[in-house]
S.K.: 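Got a structure for you, written out below as structure tokens; questions coming shortly.
Because only heavy atoms are used, hydrogens play no part in the values below, and waters and symmetry mates are left out as well, while side chains stay in.
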Amino acid sequence: MYVVVIKAMVTDTSSLSGKRILLIIGGGIAAYKSLLLIRLLNGAGASVRCILTRAGAEFVTPLSVSALSGDKAYIDLFDLTDEHEMGHIELSRDADLLVVAPATADLMARMATGQANDLASTALLATDKPVLCAPAMNVRMWEHPASRRNMAALRQDGVLFVGPEEGDMACGEYGPGRLSEPEDILAAISSVFVRKTTPGALSGRHVLVTSGPTHEPIDPVRYIANRSSGKQGHAIAQAAADAGADVTLISGPVNLGDPKGVRVVHVETAGQMLEATEDALPADIAICAAAVADWRPVSATNSKIKKTAGTEVPELQLTENPDILKTLANHPTRRPQLVIGFAAETDDVLKHAQEKRLRKGADWLLANDVSEQSGVMGGDSNTIHLITGAGVDEWPLMSKQAVAERLVARLASALEDGTPKIDAAQ
């Protein structure tokens with residue numbers, strides 16, 4: 001028996017009112033989450049039609065899907081009544097967005113190779129609307145080179161993705177491949193319809209962004225790091241470039257492609273990241289989204305530290321890493337006009353973030369809760385508290401892409417007004 005708990009989070013879903021979503025439900029135990037997604041979409045004012053694959057119907061019933069969506073669940077490609085009344089072409093084109101959740105390894109493979117051997121794959125091939133996939137599969141299947149190739153091909157075709165997340169699997173394994181929670185998928189769907197920043201809003205501005213973790217070597221095979229995925233920093237860099245900015249992205253080790261139209265410098269350690277950021281100055285805006293390791297080993301060995309029976313556990317002496325945000329905010333000659341930091345906190349989020357903004361000398365600071373109750377680093381959505389000298393602006397749960405768009409729009413407005421420390425209620 002599954003006990004399903006809906007997170008007590010508020011998502012900005014105003015962009016979904018009146019939108020038509022075609023939800024394609026693939027076969028997998030995670031299909032039960034699609035029922036919650038239907039309810040959330042309806043609650044946001046969207047209308048939902050559903051296609052169940054034959055495998056999907058093994059996990060959730062057409063009756064359940066139909067009862068929640070208020071429409072029949074479509075399964076058969078060769079249903080003459082449906083072909084007469086609507087047809088699979090109209091079904092795929094009548095929607096504003098196609099969402100595949102869960103997107104199984106098989107379904108993604110068929111999408112990537114342009115197959116059309118059932119209603120789901122035919123609708124996906126026939127559509128002229130955006131497609132958002134929420135993958136869900138066993139960790140080994142997700143990490144298989146074929147799945148990685150298929151995802152890369154779909155991204156190249158313009159397919160959007162949310163997840164997968166890391167967690168416990170129904171098969172008993174742990175790792176990446178878990179379907180994103182319905183609230184996170186809802187946030188990603190909502191962000192598709194969010195109005196983009198005005199093209200050229202940051203034209204002529206140089207935006208410097210740091211992203212991802214840093215790896216601080218212990219020996220040739222071990223290092224100190226954190227769970228940062230780089231998704232938020234990379235999304236900000238892309239949004240700034242889309243708004244016309246000249247963007248330099250300083251990226252730690254991430255499993256992400258480089259944003260389009262962005263100058264990217266790849267680094268590994270905090271020291272290298274600081275050097276690269278200083279080399280990139282001057283900049284109009286600096287956004288420190290990277291999760292830089294606070295400490296590093298005093299010295300890294302040239303040979304692997306061996307574990308042998310009877311030997312004592314080696315002591316690891318640490319020293320503090322350079323503070324990139326503080327360095328930029330207090331630069332004596334080339335301080336950017338706007339310096340923005342991030343704070344990932346697990347308790348007393350606002351208190352610690354407000355103290356951090358003052359301690360570092362940043363103009364703005366974006367704080368988010370990464371405690372076990374609220375989520376973990378590396379996901380696809382964020383709940384942001386924007387802290388400025390004027391106060392705190394609470395942002396609802398939204399995708400990291402939507403966070404990036406909202407931040408860039410705020411930056412453009414602040415620079416246009418010439419008042420970097422804007423009223424938080426703006």
S.K.: Taking Asn226 for its side chain and Ser228 for its backbone only, find out whether a donor-acceptor pair lies under 3.5 Å.
M.R.: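 Yes; at least one donor-acceptor contact below 3.5 Å.
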S.K.: Ignoring hydrogens and geometry, is there a side-chain-to-backbone donor-acceptor pair from Thr327 to Asp323 under 3.5 Å?
M.R.: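 Yes; at least one donor-acceptor contact below 3.5 Å.
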S.K.: Using modelled atom types only, decide if a donor and an acceptor are shared between the side chain of Asp184 and the backbone of Val162 within a distance under 3.5 Å.
M.R.: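 Not at all, since once roles are kept as given, no pair shorter than 3.5 Å links the two residues.
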S.K.: Between Arg335 and Asp363, does any NZ, NE, NH1 or NH2 come within less than 4.0 Å of an OD or OE carboxylate oxygen?
M.R.: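 A salt bridge is present here (some side-chain N lies under 4.0 Å from a carboxylate O).
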S.K.: Checking the side chain of Lys231 only, and the main-chain atoms of Gln401 only, is there a donor and an acceptor separated by less than 3.5 Å?
M.R.: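 No: the side chain of Lys231 does not pair with the backbone of Gln401.
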S.K.: Is a side-chain N or O of Arg178 found less than 3.5 angstrom from the main chain of Ala136, in a donor-acceptor match?
M.R.: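 Side chain of Arg178 to backbone of Ala136, a donor-acceptor pair under 3.5 Å: no, none is there.
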S.K.: Does the pair Glu355/Lys351 count as a salt bridge with the N-to-O cut at 4.0 Å?
M.R.: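 Between Lys351 and Glu355 there is a salt bridge, with a charged N closer than 4.0 Å to a carboxylate O.
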S.K.: Kindly check if the number of other-residue, nucleotide or ligand heavy atoms within 6.0 Å of CG (Asp279) is above 12?
M.R.: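 Yes, enclosed.
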S.K.: Please confirm whether the backbone N or O of Asp94 pairs with a side-chain atom of Arg20, one donor and one acceptor, at under 3.5 Å?
M.R.: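 Yes; judged by distance alone, with no hydrogens or angles, the pair exists.
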S.K.: So do the side chains of Val139 and Glu143 get within less than 4.5 Å of each other, counting heavy atoms only?
M.R.: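 Touching, per the 4.5 Å side-chain cut-off.
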S.K.: Could you check whether any side-chain N or O of Glu58 sits under 3.5 Å from a backbone N or O of Gly27, counting only pairs where one atom can act as donor and the other as acceptor?
M.R.: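 Looks like no, no N/O pair under 3.5 Å.
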S.K.: Is atom CZ of Phe161 surrounded by more than 12 heavy atoms (other residues, nucleotides or ligands) closer than 6.0 Å?
M.R.: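 Yes, the 6.0 Å shell around CZ holds more than 12 heavy atoms from other groups.
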S.K.: Answer yes or no: is there a donor N or O on one side and an acceptor on the other, between the side chain of Ser413 and the main chain of Arg410, under 3.5 Å?
M.R.: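 The answer is no, because no donor-acceptor pair under 3.5 Å joins these two groups.
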S.K.: I'd like to check Phe342 versus Ile287 (side-chain heavy atoms, cut-off strictly below 4.5 Å). Are they in contact?
M.R.: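 Phe342 vs Ile287: side chains touch.
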S.K.: State which residue, out of Arg263, Gln238, His266, fulfils the side-chain hydrogen bond (donor to acceptor under 3.5 Å, both in side chains) condition with Asp258.
M.R.: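 Checked Arg263, Gln238, His266 against Asp258; only one passes side-chain hydrogen bond (donor to acceptor under 3.5 Å, both in side chains): His266.
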S.K.: Keeping Ser147 on the side-chain end and Met141 on the backbone end, is there a donor-acceptor pair under 3.5 Å?
M.R.: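 Pair found, side chain donor or acceptor close to backbone of Met141.
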S.K.: Keeping the roles fixed (side chain from Asp393, backbone from Leu386), state whether a donor-acceptor pair exists under 3.5 Å.
M.R.: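 Pair absent, no side-chain N/O of Asp393 close to backbone of Leu386.
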S.K.: How about CG on Asn255, more than 12 heavy atoms from neighbouring residues, nucleotides or ligands closer than 6.0 Å, or not?
M.R.: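 12 or below, so no.
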